[in-house]
There are 2 protein chains.
Amino acid sequence: MTTLFTQSTEPCPMVDFVNLVSGKWAIPILYRLIVVDDAIRFGALQRAVAPITQKELTKQLRAFESIGLVTRAMYPEMPPRVEYQVTELGKTLKPTLDSLAQWMREHREELSAPL
Amino acid sequence: MTTLFTQSTEPCPMVDFVNLVSGKWAIPILYRLIVVDDAIRFGALQRAVAPITQKELTKQLRAFESIGLVTRAMYPEMPPRVEYQVTELGKTLKPTLDSLAQWMREHREELSAPL
DNA sequence: AATAGTAGGTACCAAATAGATACTAAAGAG
DNA sequence: CTCTTTAGTATCTATTTGGTACCTACTATT
């Protein structure tokens with residue numbers, strides 16, 4: 001009976017997801033970090049996810065950091081160096097995002113056609 | 001060489017995706033239609049994806065219709081009846097969205113913890 | 001006659017999101 | 001002495017998005 005009750009009131013996973021990772025650049029940034037699968041500097045990431053602005057990239061990275069999907073390492077050098085990397089938790093999204101990217105590649109033409 | 005050139009300039013699938021299906025409610029609506037896998041009336045869909053407003057649901061459904069992910073069938077009865085259904089193309093997203101929903105269910109606690 | 005239900009449309013307003021630009025620090029190159 | 005580099009922050013504005021409220025048309029019910 002506990003199970004039944006819990007299931008019926010389970011919050012929609014999709015609503016939770018879009019509340020967690022939202023914004024135009026969120027998925028592209030996260031996917032790039034997952035594909036790279038190594039530490040990457042802020043500037044390099046910005047070039048990879050062009051044409052995102054500095055402000056938006058910073059904001060998204062902080063959001064990912066706060067929920068534990070990304071780590072941030074700051075080196076007090078001059079000029080400054082900051083490196084970002086997906087966490088193990090973040091990497092668990094790889095199969096899902098691979099699937100999404102593959103779907104998009106397969107259906108690009110079908111989808112852009114209608115207008 | 002064509003292959004090389006094409007690959008290097010391939011638009012990011014993730015950017016394409018977020019441009020195609022954007023908005024707070026897009027994924028929840030689409031996933032609900034996919035899970036239902038049958039025609040569903042506007043009102044029933046709105047109740048299922050609560051608390052979405054009429055306006056937003058209408059807007060999203062029209063967007064999905066325009067790119068061929070959803071069909072709209074209007075019956076000139078009184079009171080009016082309009083039914084929506086995912087297309088075959090839309091159904092091809094099922095495995096990906098299932099995977100996303102599963103990921104979210106598995107990592108809900110981990111993610112909400114950090115604050 | 002008044003009300004409810006259906007699937008919207010429309011106008012208005014607020015909030016969230018995104019973009020452009022300028023500014024900072026400290027070191028090294030020229 | 002100025003320019004460049006890096007990873008931001010601050011400020012301002014523009015665009016997009018979402019919400020509330022109110023409107024239609026027609027039927028059935030009260």
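Order of the sequence lines sets the chain letters (A, B, ...), proteins ahead of strands, with each chain counted from 1.
- When each of A:Gly23 and B:Arg47 is assigned the nucleotide of DNA chain C with its nearest heavy atom, B:Arg47 is the one assigned upstream, toward the 5' end.
- At whole-Å resolution of the value, NZ in A:Lys55 and P in C:dT17 are 11 Å apart.
- When atom types are taken as modelled, the side chain of A:Thr71 and the backbone of A:Thr87 share no donor-acceptor pair closer than 3.5 angstrom.
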Extract from the structure each pairing of a protein N or O with an N or O of nucleotides 23-30 of chain C at less than 3.5 Å, listing the distance.
none

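- Proximity of B:Arg72 to the phosphate of C:dG8: a side-chain N or O atom is located under 4.0 Å from OP1 or OP2.
- Atom pair A:Met74:CE and D:dT9:C1' shows a separation of 14 Å (rounding to whole Å applied).
- Between A:Tyr75 atom OH and D:dG8 atom P the separation is 13 Å, expressed in whole Å.
- By the ring pair (Phe, Tyr, Trp, His ring centres under 6.0 Å) test, A:Trp25 pairs with no residue at all, sequence neighbours left out.
- Side chain to side chain, A:Glu56 and A:Gln60 fail the donor-acceptor criterion of an N or O pair below 3.5 Å.
- Taking atom CD of B:Glu56 as the reference point, atom P of C:dT10 lies 15 Å away to the nearest angstrom.
- With respect to B:Glu83 and B:Arg81, a salt bridge is recorded, a charged nitrogen being found less than 4.0 Å from a carboxylate O.
- Remark: the backbone N or O of B:Leu89 is paired with a side-chain donor or acceptor of B:Thr92 at under 3.5 angstrom.
- Whole-Å rounding puts the A:Leu61 CG to D:dA7 C1' distance at 11 Å.
- Atom CH2 in B:Trp25 sits roughly 9 Å away from atom P in D:dG18 (whole-Å rounding).
- Between the side chain of B:Thr58 and the main chain of B:Gln54, a donor-acceptor pair closer than 3.5 Å is present.
- Candidate nucleotides D:dA7, C:dA18, C:dG9 were compared by shortest atom distance to the side chain of A:Lys59, and C:dA18 ranks first.
- Residue-to-nucleotide proximity on DNA chain C shows that, of A:Ile52 and B:Ala44, the 5′-proximal contact is made by B:Ala44.
- Protein atom CG of B:Leu57 is 13 Å distant from nucleotide atom C1' of D:dG18, rounded to whole Å.
- Atom CZ in B:Arg81 sits roughly 16 Å away from atom P in D:dT27 (whole-Å rounding).
- Of the possible polar contacts, one joining the A:Gln46 side chain to the A:Ile52 backbone as a donor-acceptor pair under 3.5 Å is found.
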